[in-house]
Amino acid sequence: MTENNFLNNLNATQQEAVRYNESASLIIAGAGSGKTRVLTYKIAYLLTSGIDPHRILALTFTNKAAKEMKERIAGIVGEKTASQLWMGTFHSIFSRILRQHAECLGFTSQFTIYDSADSKSLLKSFIKTKNLDDKIYKAGNIQSKISILKNHLVSPSSYAQDPECQRNDYLQKMPEFYSIYKQYVERCKQSNAMDFDDLLVNTYLLFSSFPDIRNRYQELFSFILIDEYQDTNYSQHIIVKILSEKHQKVYAVGDDAQSIYSFRGANIDNILTFQKDFPNCKLFKLEQNYRSTKNIVEAANSLIEKNSNRIHKTIFSEKNRGNLLEVISSYSDYDEATSITSKIRQILRNNEYNYSDFAILYRTNSQSRVLEDAFRRNNIPYKIYGGISFYQRKEIKDIIAYCRLSINRNDEEALRRIINYPARGIGETTQNKLFLTAHTLNKSVFEVAENAGEFDIKINNGTQKKLSDFTQTIKDFTSFYKKNDAYASVEKIIKESGIIADISSEDTPENLSKKENVEEFLNMVYEFCDRKANEGEENISLADFLAEVALFTDQDNEKEEERNKVTLMTVHSAKGLEFKNVFIAGLEEQLFPSAMCQTPSELEEERRLLYVAITRAKENCILSYAKSRFRNGQTQFSNPSRFIKDIDPRYLHQQQESNTFYGKESFNAFSGFKPHFSKPESAVTKTYEPNNTGKTTVSFNGSELHIGTKVLHAVFGNGVVVGLEGEGDEQKAKVDFQLKGTKQLLLKYAKLTITG
DNA sequence: TAACAAGACCCCGAG
DNA sequence: GGTCTTGTTA
């Protein structure tokens, strides 16, 4: 493309921001103002004006954002050019650079990326071997402390030199913290492994310690673009500064009003003080919102104005005025969920919307449960985001651990995970001996396990044989992966590691789902190879796959059947998305704003979070709160969120309370119990009915359970109810399982599904 | 060593 | 209430 015709799709400010090329620029892009569009057109503009694609670095926070942007750019300049861009997440781009220069830092290019579970398990092993009190030294706390330090580029040695740090350790009663931090860094290096934070820290170290490498990349990247700048942490900000030193062409796009990730290290000051860091910086403000109605935009503005720490801007919409934001008040979380589903039905009756035009946003994942129940009861299709990621599932992590160890024998966490899985008689005692010996002799655990007989440890011949069988299996995998592609290697590993045999040994529903996941994983390897082959790469090996798999998340691939469904997700995960109808549930004190947020700056972040939530809505926005809520095992009463009062009332329509379906009477009747159970008919009446022993029918999860009901248990499989007894919480069912015989189950706990 | 009971913990979460 | 981890026991 020679003409920049595509620029005609932009408004005046957007065009200006795209065309400007003199110095660094900061583009403050209000919600819905076409941020991604400006970023993609900026890159396309650079490319069409003759800049080499490999001299452009574009950084995002999620794979999804990078992928979408790449696709859009490919649409303008063609796939071939687009694929030559340095475009991806901070972590993937930096890991690519680090693999090139790993030797400089004492790693090999095959280094493993530890995920947070690996780091945590390593830290736990330190706490244990150092005999520290795990009530004081909590692995999770230590992990986040280390992460904060790394985000601020504080190495163990600079930590040691700072008396303030030592003092804090004593105040927190953790004098051993420093030695744990130091040992953690050392052990990662010995294991040829980096955690997620290391991908940033080590990139910084690479550039600060090796001037020729730094120069090379400073020279190479003549243009650096960063999406969502408000989400950058200190280390990312510094690396961007280093990389842009020579050309000074940094394009930072972001919105201070949408900074909601301080809890994971994001520093809003990076964007607020950006102009000081880049003195000739030109500021652009994209203030027209193309997404939402006037009422929604102005309501959001009136809310965010209550924050003091912000870059001033006036977001406006030229869409129609639209409906007022509705406020729904309910008596309990249960009622709230019911109100939301009936409101959805009501909107659907009067308008031509699909289920996919609706989203329910909430502050915490735990709120999804009641909502989910209501959607089921009302037969509304829904999908929930959040929960255990595919890659965190045990069976998947086990397979990946075998892959990791086959490629990097020093990967201690992978070895720890699988040395006795599937069970092969290498128990805790043997493992302790191995680890101790390895660390004393400064050898890898694998090496010690390989020739256990040669070291002065008391491991009997039988166990030695088991150990050498295990290491031999891994060595076989290693030589196999060098000659075969990733798909064949993973297939071999799944079969020969014994994993597939282990999950096939018993036909439980759990195992069935595990098998499906393993199958799914194998498909993903296949697709990975396929995609790489299409991009012109040959001989895609297990190492190639593994280099990327640690950075994968399951946000990326949405399945076809998930399309026309209502979306349930946290406000955080809704960032960047939009829906015609948005419900914001649980707008209560102690929940939104969260009880954890007390300081003014924390409250400002909560307010920004609600701002993000409201600005997801294109046409209708419904705010909802409940007066009581079942939380942490008990009913809690709370007041409406202070943020509702922050919104100018002229944009709000307060619903009459009569809209709740299980009104005040029903609530009061059970207020001594749990309003959670104020379900219609069966549940309440039957559960609290006196003298109902010897019954043949009880209520269960809103349906009836009687003698003869067919049920499915998560562990025991299929069975038939043969007896019922007990009251309330003590209520038990006797179930005859096809495979497991007769069991007594407490209905309160039993994971039963009625199947007939 | 697996199975089960008791105890802890519970905000948001990319890579 | 639910889930995950840890401790205990047969």
Side-chain angles (χ1 to χ4, degrees), chain A residues 59-66 88-95 113-121 124 128 134-135 138-141 144 147 151 194-200 227-228 231-233 236 259-266 333 361-370 373 385-389 391-392 394 420 423-429 547-556 569-576 586 590-597 602 605-606 608-610 612-613 629-636 674 676-677 701 714-715 729 746 748-751:
Chain A
L59 298 168
T60 65
F61 278 84
T62 64
N63 292 315
K64 200 176 159 199
T89 61
F90 278 90
H91 292 86
S92 71
I93 296 288
F94 290 172
S95 78
I113 297 173
Y114 274 178
D115 68 17
S116 21
D118 295 316
S119 321
K120 200 169 180 179
S121 131
K124 271 189 185 160
K128 205 168 176 188
D134 58 9
K135 297 278 184 302
K138 290 181 184 157
N141 284 349
S144 56
S147 177
N151 285 172
M194 300 189 194
D195 65 20
F196 289 130
D197 299 318
D198 288 334
L199 295 176
L200 308 179
D227 192 14
E228 309 275 18
D231 289 342
T232 52
N233 64 30
Q236 288 160 331
S259 164
I260 54 172
Y261 280 112
S262 71
F263 69 90
R264 65 180 193 210
D333 48 355
L361 309 182
Y362 35 80
R363 181 66 179 80
T364 68
N365 275 313
S366 53
Q367 288 167 255
S368 67
R369 188 166 206 91
V370 228
D373 289 345
Y385 288 78
I388 314 162
S389 137
Y391 299 94
Q392 296 300 314
K394 183 184 179 302
N420 198 31
R424 50 173 72 85
I426 304 172
E428 204 187 324
T429 330
E548 295 197 24
V549 77
L551 304 173
F552 287 166
T553 56
D554 40 15
Q555 293 278 313
D556 315 329
M569 55 166 55
T570 63
V571 183
H572 282 91
S573 41
K575 197 171 110 184
Q590 312 295 315
L591 181 61
F592 199 167
S594 155
M596 313 271 206
C597 300
E602 285 170 336
E605 177 148 325
E606 293 287 298
R608 290 194 293 270
L609 192 56
L610 181 57
V612 168
R629 182 172 294 279
F630 200 68
R631 274 220 283 173
N632 296 345
Q634 51 184 323
T635 305
Q636 291 176 355
K674 297 162 180 170
H676 187 59
F677 289 135
N701 282 349
V715 178
D729 279 354
L746 262 182
K748 200 169 101 180
Y749 298 119
K751 292 180 179 107

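Chain letters run A, B, ... following the sequence lines, proteins first, then strands; residues in each count from 1. Since we're looking at a predicted model, the values are computed, not measured.
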Interface polar pairs with nucleotides 7-11 of chain B, N/O, under 3.5 angstrom:
unit_1, atom_1, unit_2, atom_2, d
B:dC11, O2, A:Arg363, NH1, 3.1
B:dC11, O2, A:Arg363, NH2, 2.6

Can you name the salt bridge (Lys or Arg N to Asp or Glu O under 4.0 Å) partners of [X], sequence neighbours left out?
X	answer
A:Arg608	A:Glu605
A:Lys138	none
A:Lys124	none
A:Lys394	A:Asp398

If I take atom [atom1] in residue [X] and atom [atom2] in nucleotide [N], what distance separates them, rounded to the nearest angstrom?
X	N	atom1	atom2	answer
A:Leu591	B:dC12	CG	C1'	11 Å
A:Lys64	B:dG15	NZ	C1'	15 Å
A:Gln636	C:dG1	CD	C1'	12 Å
A:Asp227	B:dG15	CG	P	13 Å
A:Lys394	C:dT3	NZ	P	19 Å
A:Tyr261	B:dA14	OH	C1'	7 Å
A:Gln392	B:dA14	CD	C1'	12 Å
A:Arg264	B:dC12	CZ	P	13 Å

[X]: what forms a side-chain hydrogen bond (donor to acceptor under 3.5 Å, both in side chains) with it, not counting sequence neighbours?
X	answer
A:Ser119	A:Tyr184
A:Thr62	none
A:Ser144	none

Could you check A:Tyr362 against A:Gly425 and say which one's nearest nucleotide on DNA chain B is further toward the 5' end?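 Nearest-nucleotide comparison on DNA chain B picks A:Gly425.
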I want to verify a distance call: between B:dG15, B:dG13, C:dG2, whose nearest atom is closest to the A:Arg369 side chain?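 The closest nucleotide is C:dG2.
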I'd like to check, for A:Phe61, whether its ring lies over the base of B:dA14 with centroids under 5.5 Å apart and a plane angle smaller than 30°.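 Taking the rule of under 5.5 Å and under 30°, the ring of A:Phe61 does not stack on B:dA14.
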Counting C-beta onward and ignoring hydrogens, is there a side-chain heavy-atom pair between [X] and [Y] closer than 4.5 Å?
X	Y	result
A:Phe263	A:His572	yes
A:Leu551	A:Leu199	yes
A:Phe592	A:Val571	yes

Filtered N/O pairs between nucleotides 6-10 of chain C and protein, under 3.5 Å:
none

Please determine if a side-chain N or O atom of A:Asn63 lies less than 4.0 Å away from the OP1 or OP2 oxygen of B:dG15. yes
Got a sec, which residues hit ring-ring contact (aromatic ring centres under 6.0 Å, His included) with A:Phe61, two or more places apart in sequence or on another chain? A:Phe90
For DNA chain C, what is the dot-bracket line, given that a base pair needs Watson-Crick (N1 to N3, plus N6-O4 or O6-N4) or G-U wobble (N1-O2 and O6-N3) geometry with both distances under 3.5 Å, and | means paired with another strand? ||||||||||
What interatomic distance, in whole Å, is found between P of B:dG13 and the corresponding atom of C:dC4?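 Those two atoms are separated by 16 Å.
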With A:Ala550, which residues qualify under side chain to side chain contact (heavy atoms under 4.5 Å, CB included), at least two apart?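 Once residues adjacent in sequence are excluded, the partners of A:Ala550 under the side chain to side chain contact (heavy atoms under 4.5 Å, CB included) criterion are A:Ile113.
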